[in-house]
Amino acid sequence: MSTSKGGAAKGGGGKKKEVKKETKLGMAYKKDDNFGEWYSEVVVNSEMIEYYDISGCYILRPWAMEIWELLKEFFDAEIKKLKLKPYYFPLFVTENVLQKEKDHIEGFAPEVAWVTKSGKSELEAPIAIRPTSETVMYPYFSKWIRSHRDLPLRCNQWCNVVRWEFSNPTPFIRSREFLWQEGHTAFATKEEADEEVLQILELYRRIYEEFLAVPVSKGRKSEMEKFAGGLYTTSVEAFIPNTGRGIQGATSHCLGQNFAKMFDITFENEKGVREMVWQNSWAYTTRSIGVMVMTHGDDKGLVLPPKVAPIQVIVIAVPYKDADTTAIKGACESTVYTLNESGIRADQDTRENYSPGWKYSHWEMKGVPLRIEIGPKDLANKQVRIVRRDNGAKVDIPVTNLVEEVKVLLDEIQKNLFKTAQEKRDACVQVIKTWDEFTTALNNKRLILAPWCDEEEVEKDVKARTKGELGAAKTLCTPFEQPELPEGTLCFASGKQAKKWSFWGRSY
């Protein structure tokens, strides 16, 4: 596929030679042969992103932004049920406020971008661009919360954040600026905070599994991997079989009272006694789109789950020689209208400077779940031909049953993508008991479930011992669904008594 805005035939009146060449071109890289190049090609050729002239920054095009909006629509509605209110806090934060919570800023220090000049003048004090908003928001929580009647305080903002310091930027997965939602809440009791942490984590699971059709594991992060300055961190973790790497999908943190202490966020309880609040923060980002691309994409390009596809059905006219093009065009328009009226996101490719074959390749590259082809034979038989993007299956459907059949097919594709991804992920899970089994599994790109003594020094040691070109192994999470741990089971890395099963592996 061409990455230019209209392909090679742009402005060329659709010369046959160019059209033919475009149809055959497709993807230059195969997913199994060169995953990194394949991924870069998919996100550009499917028109999700455009590279920008600052490393690690990307232009998100409508095909990506519309997916983000569909996810936002679901999540916003759900958190409003939990009485979350929308806020917007400034992008900038002063140095003294940012550095108030020591552990927190140490966790982000290398990634913070600073504004030091205004025009040609040096600023009196540098101003940070938010890497996350705890320190931006919490001085104001302290101002707004006075009494138990002011609790819970629950706010959410949709915004961008900047995290500067890293190597190997990857669109969606690892970028200097990205979009996210960040929820920040304050409660009177730890019980309320604990309950919300898991409520939000379940919404994140639903985003990945029900919308993006990506299987994830819910669990708790180790002390070493938890959010800097927080009490504990829970996450949903995905896994990319092609690279053998785990990827943190979203996090829900209980911050405990650490920030309340630093920012003096206290309230007067019913008995007139001052207490510190219990706080949470939680977020998911545009990284979720990249995880979806990596999970479902194939050698033809993007494969979109119907629930998040900006266009669920693309209609293409296939006029043969001497065909009644007016009637075919009318049938295409009528089909799009009928589908849209029934709530299905459908569109028609009316471009006349491309062959139907080129259009097939183009929309396959963009991952549209269903393609409807209408030609003279279909017109005569009062039917349409439907082609599935996930498995290429073709079926002829009578026009009278169109809406019902399309809805069934979209539902089947959504389920099939999740099932296939789950089977691939599950095939990568390997239960190990010893260090030798661990290193073998790691080299075989496995998602490793291992008995662990839950000691930070042991985790540091595993990182040090596995450091190499591909990156070190670390804990991904301790899954909430714990297999039985027989008495006397030993830690795979230290030989001490194991306390839990944890997922380990390399990660993004």
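Residues passing the salt bridge (Lys or Arg N to Asp or Glu O under 4.0 Å) test with Asp426: none are found, sequence neighbours excluded. In this structure, Arg287 has no salt bridge (Lys or Arg N to Asp or Glu O under 4.0 Å) partners at least two apart in sequence or on a different chain. For Arg130, there are no salt bridge (Lys or Arg N to Asp or Glu O under 4.0 Å) partners, not counting sequence neighbours. Residues passing the ring pair (Phe, Tyr, Trp, His ring centres under 6.0 Å) test with Tyr29, sequence neighbours excluded: none. With sequence neighbours excluded, the residues forming a ring pair (Phe, Tyr, Trp, His ring centres under 6.0 Å) with Tyr204 are Phe75, Tyr284, listed by chain and number. The salt bridge (Lys or Arg N to Asp or Glu O under 4.0 Å) test applied to Lys80 returns no partner, not counting sequence neighbours. Partners of Trp38 according to the ring pair (Phe, Tyr, Trp, His ring centres under 6.0 Å) rule, which considers only residues two or more places apart in sequence or in another chain, are Phe35. The ring pair (Phe, Tyr, Trp, His ring centres under 6.0 Å) check on Trp158 picks up Trp68, with sequence neighbours excluded.
Legend: salt bridge (Lys or Arg N to Asp or Glu O under 4.0 Å) pairs involving residues 437-448, not counting sequence neighbours: none detected. Sorted by first and then second residue, the side chain to side chain donor-acceptor pair (under 3.5 Å) pairs involving residues 235-249 (not counting sequence neighbours) are Asp32-Asn242, Lys221-Glu237, Lys221-Gln248, Ser235-Glu237, Thr243-Tyr508. The list of ring pair (Phe, Tyr, Trp, His ring centres under 6.0 Å) pairs with a residue in residues 293-341, not counting sequence neighbours, is empty.
Side-chain contact check for Lys394 versus Arg385: some heavy-atom pair is nearer than 4.5 Å.
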Carefully, step by step, assess Val293 and Val43 under the rule side-chain contact (heavy atoms from CB on, under 4.5 Å).
CA-CA 8 Å; Val293 174; Val43 293; 4.2 Å; yes
How far apart are the C-alpha atoms of Asp347 and Val368, what are their side-chain angles, what is the distance that settles it, and do they pass the side-chain contact (heavy atoms from CB on, under 4.5 Å) test?
CA-CA 10 Å; Asp347 204 356; Val368 171; over 6 Å; no
Would you please test Val387 and Glu373 for side-chain contact (heavy atoms from CB on, under 4.5 Å) and show each step?
CA-CA 8 Å; Val387 185; Glu373 303 167 9; 3.4 Å; yes
Evaluate side-chain contact (heavy atoms from CB on, under 4.5 Å) for Asp194 paired with Cys254, printing each intermediate quantity in order.
CA-CA 7 Å; Asp194 288 338; Cys254 180; 4.2 Å; yes
Using the rule given for salt bridge (charged side-chain N to carboxylate O under 4.0 Å, His left out), can you reason through Arg388 versus Asp390, listing the C-alpha separation, both sets of side-chain angles and the distance that settles it, and then say yes or no?
CA-CA 6 Å; Arg388 285 173 59 155; Asp390 62 331; 2.7 Å; yes
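From Arg220, atom CZ reaches atom CG of Leu201 across 12.0 Å, with rounding to the nearest 0.5 Å. Rounding to the nearest 0.5 angstrom, the gap separating the CG atom in Asp299 from the CD atom in Glu41 is 10.0 Å. Put simply, CG on Leu84 and NE2 on His184 are 11.0 Å apart, with the number rounded to the nearest 0.5 Å. Taken from CD1 in Ile200 to CG in Asn280, the straight-line distance is 8.5 Å, to the nearest 0.5 Å. The OG1 atom of Thr475 lies 5.5 Å from the CH2 atom of Trp504; values are rounded to the nearest 0.5 Å. Put simply, CD1 on Ile374 and CD on Gln383 are 10.0 Å apart, with the number rounded to the nearest 0.5 Å.
For the pair Arg163 and Phe178, the cation-pi criterion (under 6.0 Å, within 45° of the ring axis) is not fulfilled. Tyr232 does not carry Lys226 over the face of its six-membered ring by the limits of under 6.0 Å from the centre and within 45° of the normal.
Formation of a donor-acceptor pair under 3.5 Å by the Ser175 side chain with backbone atoms of Pro171 is not found in this model. For Glu47 (side chain) and Val44 (main-chain N/O), no donor-acceptor pair under 3.5 Å exists by modelled atom type. Judged purely by atom type and a 3.5 angstrom limit, Lys366 uses its side chain to pair as donor or acceptor with the backbone of Ser46. Not a single donor-acceptor pair under 3.5 Å links the side chain of Trp363 to the backbone N or O of Leu370. Ser334 places no side-chain N or O within 3.5 Å of a backbone atom of Gly330 that could act as its donor or acceptor partner. Between the side chain of Arg345 and the backbone N or O of Ala309, at least one donor-acceptor pair lies under 3.5 Å. With hydrogens and angles ignored, the 3.5 Å screen pairs a side-chain donor or acceptor of Arg506 with a backbone N or O of Gly471. The backbone N or O of Gly301 lies less than 3.5 Å from a partner atom in the side chain of Asp298, making a donor-acceptor pair. Checked by atom type and distance alone, the side chain of Asp324 never pairs as donor or acceptor with a backbone atom of Pro376 at under 3.5 Å. Of the possible polar contacts, one joining the Gln312 side chain to the Pro306 backbone as a donor-acceptor pair under 3.5 Å is found.
Across all their heavy atoms, Phe438 and Ala473 have their closest contact at CZ-CB, 4.0 Å. What you find for Ala441 and Ile432 is that their closest heavy atoms are CB-CG2, 4.2 Å. Nearest approach of Pro483 to Trp501, heavy atoms of both residues: O-CD1, 3.4 Å. Heavy atoms only, all atoms of each residue included: Thr295 and Val214 are closest at OG1-CG2, 3.8 Å. For the residue pair Gly249 and Tyr208, the shortest heavy atom distance occurs at O-OH, 2.8 Å. Residue Ile328 comes nearest to Pro319 through the heavy atom pair CD1-CA, 4.0 Å, listed as atom of the first residue, atom of the second, then distance.
The 12-atom threshold is not exceeded at NZ of Lys424, counting heavy atoms of other residues, nucleotides or ligands nearer than 6.0 Å. Counting non-hydrogen atoms of neighbouring residues, nucleotides and ligands closer than 6.0 angstrom, the CG atom of Asn168 reaches no more than 12 such neighbours.
Salt bridge annotation for Glu202-Arg205: present, with a cationic side-chain nitrogen under 4.0 angstrom from a carboxylate oxygen. Comment: Lys218 does not engage Glu481 in a salt bridge, judged by the lack of any side-chain N to carboxylate O separation of less than 4.0 angstrom. Between Lys81 and Glu78, at least one side-chain nitrogen of the basic residue sits less than 4.0 Å from a carboxylate oxygen of the acidic one, meeting the salt-bridge criterion. The pair Arg371-Asp349 does not meet the salt-bridge criterion, since no charged nitrogen lies less than 4.0 angstrom from a carboxylate oxygen. Lys407 and Asp411 are not joined by a salt bridge, as no carboxylate oxygen comes within less than 4.0 angstrom of a charged side-chain nitrogen. Using a cutoff of 4.0 Å between basic side-chain nitrogens and carboxylate oxygens, Glu196 and Arg154 are scored as salt-bridged.
With respect to Ser281, the side-chain hydrogen bond (donor to acceptor under 3.5 Å, both in side chains) criterion is satisfied by exactly one of Glu182, His253, Glu134: Glu134. With Thr478 as reference, Ser502 is the one residue of Ser222, Ser217, Ser502 to meet the side-chain hydrogen bond (donor to acceptor under 3.5 Å, both in side chains) rule.
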Mind listing the side-chain donor-acceptor pairs of residues 52-59 below 3.5 Å, one per line with the distance, residues two or more places apart or on another chain?
none

